[in-house]
Amino acid sequence: MSTVLISLLSLLLFGLPSVITPHEEIPAPGETVAAAFPLPNSEVYGLTGLDAVLHDAVVEEFSTRATWPDLLIPSLSVIDSFPLEDGERGYICILRERDYYDLGHGLSDLSQPQYKHGAGANPIRLNIASAQDGSLYCSALIPSGDGEGWECSIRTICGPKEAIAEWMIHGGTPPIEPREITPADQDELLRIYLDYYFLA
């Protein structure tokens, strides 16, 4: 039985403890481990179809990594898309990483969770393909680079959408208003998550 299922069964049988213990050991960089908290998948936020595929792709890539936060919830905004080879489509997105620290020690009152937080935002592209049964899946996730390669990576992400690349690089008014898949607000993201797993 998985760690997540054991944790949830314990909550149902014995109630919410004053402390939920996160990982006690710090794994090696890039190592994937069982999450101390359930994953913030698309069902938590009521997503379906393409939005669910996009959201779950970034959850799989970022929320399952062994990192310092007790919980990482991605917030994704879609800016535009363009066709790729073999019938795939590339979706230009802004990924906001919402990091929650010490959350396991701040849930004695679910109406007022206590935590420290961090955040970051970066452009990414998700390539979406169709399976033989018609279902969608993410075939590739292309993150932005850093340092001297950053500008080049932005142009790779945006492909033929040059106006979007220029906006990302130089700022100003976005040529297309981004569409939020999940709330950008850190507190709202966490409230929906806690309501789903602990108050539903």
If you draw a 6.0 Å radius around CD in E88, do more than 12 non-hydrogen atoms from other residues or ligands fall strictly inside? yes
Is a side-chain N or O of Y45 found less than 3.5 angstrom from the main chain of P183, in a donor-acceptor match? no
Under a 4.5 Å side-chain heavy-atom rule over Ile, Leu, Val, Met, Phe, Trp and Tyr, are L190 and I181 clustered together? yes
Suppose we screen for salt bridge (Lys or Arg N to Asp or Glu O under 4.0 Å). Which residues come up paired with D51, at least two apart in sequence or across chains? R179
Under 4.5 Å between side-chain heavy atoms, hopping through other hydrophobics if needed: is there a path connecting Y137 to I128? no
Would you say T156 and R125 are linked by a side-chain donor-acceptor pair, where the criterion is simply a distance under 3.5 Å? no
Looking at C138 and L126, what are the two nearest heavy atoms and their distance? SG-CD2, 3.9 Å
Scanning both residues in full, the closest heavy-atom pair of S153 with G145 reads OG-N, 2.8 Å
Measuring only between side-chain heavy atoms, which start at C-beta, is I79 closer than 4.5 Å to M168? yes
Rounded distance [0.5 Å steps], CG in L54 versus OG in S77: 11.5 Å
Whether the side chain of Y197 engages the backbone of L39 through a donor-acceptor N/O pair (distance < 3.5 Å, no angle test) should be reported. yes
Atom pair NZ (K161) and CD1 (I176), whose distance is rounded to the nearest 0.5 Å: 6.0 Å
Work out which heavy atom in L76 is nearest to a heavy atom in C93; give both atom names and the distance. CD1-CB, 3.8 Å
Between L136 and S130 the two heavy atoms that sit nearest each other are CD2-OG, 3.4 Å
Co-membership, hydrophobic cluster, residues Y196 and Y100, 4.5 Å side-chain: yes
Residue pair L84, F82: steps toward the side chain to side chain contact (heavy atoms under 4.5 Å, CB included) verdict: CA-CA 7 Å; L84 300 166; F82 58 91; 3.4 Å; yes
Just to verify, what does E166 make a salt bridge (Lys or Arg N to Asp or Glu O under 4.0 Å) with, not counting sequence neighbours? R155
Check the surroundings of atom CD in E43: do more than 12 heavy atoms from other residues, nucleotides or ligands lie under 6.0 Å from it? no
Measure the spacing between CZ of R89 and OG of S81 and express it to the nearest 0.5 Å. 3.5 Å
On a heavy-atom basis, which atom in D70 and which in F37 lie closest, and how many Å separate them? O-CD1, 3.6 Å
Any side-chain heavy-atom pair from L47 and D56 closer than 4.5 angstrom? no
If you compare all heavy atoms of I154 against all heavy atoms of S144, which two are closest, and at what distance to 0.1 Å? CD1-CB, 3.9 Å
Quick one: CD1 on I124 to CG on L141, what's the gap to the nearest 0.5 Å? 4.5 Å
Could you check P174, P175, P123, P178 and say which one makes a side chain to side chain contact (heavy atoms under 4.5 Å, CB included) with I164? P175
With distance as the sole criterion, is a donor-acceptor pair present between the side chains of R98 and S75 under 3.5 Å? no
Does the side chain of V53 come within less than 4.5 Å of Y91's, by heavy atoms? no
Are I192 and V58 joined in one hydrophobic group, where the rule is that I, L, V, M, F, W and Y side chains link up if heavy atoms are under 4.5 Å apart? yes
Could you see if Y193 belongs to whatever hydrophobic cluster contains F62? Use Ile, Leu, Val, Met, Phe, Trp, Tyr and a side-chain cutoff under 4.5 Å. yes
Residue pair L95, N122: steps toward the side chain to side chain contact (heavy atoms under 4.5 Å, CB included) verdict: CA-CA 5 Å; L95 170 64; N122 292 287; 5.5 Å; no
